[in-house]
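Read the structure below first, then the notes.
Residues take their numbers from the sequence shown, with the count starting at 1. Keep in mind it's a predicted model, so treat the numbers as computed, not measured.
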Amino acid sequence: MAKRDPVLVKVLSGAADANISFDPLRRVLASIGFQERIRGSHHIFTKSGVEEILNLQPKGRDAKAYQVKQVRAVIVKYRLAGADDDE
C-alpha cells in the first residue's frame with residue numbers, strides 16, 4: 001500500500017485550509033493529473049473528465065483557504081484521492 005502525500009491528506013482533512021502552502025498544493029494537483037497554465041498570478045488547472053476548472057492564486061506563500069476548499073470538493077466529487085478512500 002502506497003503512502004499518501006501528506007499535503008493531500010491535509011487538504012482532504014479540511015482541518016487546516018488556511019495553512020496549506022501554494023507550491024505543494026500545485027504539486028498535488030499535478031500528481032493527480034491536472035494540467036496547469038499560468039496567466040499572471042492565476043494558476044488554472046484542468047483535467048480531462050473533470051467539469052470544473054480550478055483557478056488558484058497564491059496569498060503570499062500559502063493557498064487561499066476558500067480555494068483549498070474548492071480543490072477538496074473536486075477531489076472528493078471525482079474520487080481523485082486514490083483507491084484506498086474509505087472517507
Side-chain angles (χ1 to χ4, degrees):
M1 179 157 125
K3 275 192 158 187
R4 278 200 176 164
D5 183 316
V7 176
L8 177 60
V9 171
K10 198 172 177 182
V11 168
L12 290 175
S13 76
D17 289 352
N19 295 319
I20 306 285
S21 295
F22 188 74
D23 285 335
L25 181 61
R26 289 176 52 219
R27 284 193 292 276
V28 164
L29 289 169
S31 74
I32 57 178
F34 280 85
Q35 279 79 46
E36 175 184 22
R37 73 176 208 267
I38 302 170
R39 303 278 177 166
S41 66
H42 294 255
H43 296 254
I44 302 159
F45 294 88
T46 58
K47 179 176 171 61
S48 178
V50 174
E51 188 176 312
E52 293 84 357
I53 295 171
L54 297 169
N55 183 357
L56 309 179
Q57 303 91 39
K59 181 180 180 183
R61 294 177 57 186
D62 293 331
K64 295 179 180 181
Y66 78 93
Q67 293 174 343
V68 173
K69 185 176 179 180
Q70 291 172 346
V71 168
R72 179 173 48 256
V74 168
I75 291 172
V76 170
K77 178 179 178 180
Y78 292 95
R79 298 177 183 246
L80 301 173
D84 58 342
D85 276 339
D86 289 335
E87 301 159 324

Q: Answer yes or no: is there a side-chain heavy-atom contact under 4.5 Å between Val74 and Lys47?
A: no

Q) Minimum heavy-atom separation for Leu8 to Ala81, with atom names? A) CD2-O, 4.0 Å

Q | Positive for side chain to side chain contact (heavy atoms under 4.5 Å, CB included) with Phe22, one of Arg61, Lys59, His43 | A | His43

Q | Validation row: Phe34, Arg26 side chains within 4.5 angstrom (heavy atoms) | A | no

Q: Identify the heavy atoms of Pro58 and Ser41 that sit nearest to each other, and give their distance.
A: CD-O, 3.5 Å

(Q) Would you say that Lys77 contacts Glu52 through its side chain, given a criterion of any heavy-atom pair below 4.5 Å between the two side chains? (A) yes

Q: Report yes if the side chains of Arg27 and Asp5 come closer than 4.5 Å at any heavy-atom pair, otherwise no.
A: no

Q | Closest non-hydrogen atom pair, Leu12 against Arg72 | A | O-CD, 3.6 Å

Q.
Please report the interatomic distance CG(Asn55) to CZ(Arg37), rounded to the nearest 0.5 Å.
A. 9.0 Å

Q.
With rounding to the nearest 0.5 angstrom, report the CD1 to CG distance, Ile20 to Leu25.
A. 7.0 Å

Q. If you take all heavy atoms of Val7 and Pro24, which pair is closest and at what distance?
A. CG2-CB, 3.7 Å

Q: From the options Val68, Ile44, Leu29, select the one residue that forms a side chain to side chain contact (heavy atoms under 4.5 Å, CB included) with Leu56.
A: Leu29

Q. Is there a donor-acceptor contact under 3.5 Å from the side chain of Gln67 to the main chain of Gln57?
A. yes

Q) Does the side chain of Val28 reach to within under 4.5 Å of the side chain of Val11, using non-hydrogen atoms? A) no

(Q) Taking the side chain as everything from C-beta on, heavy atoms only, tell me whether Lys10 gets closer than 4.5 Å to Asn19. (A) yes

Q.
Check for me, please, whether Ile53 and Val71 land in the same ILVMFWY cluster - side-chain distances under 4.5 Å, paths through other members count.
A. no

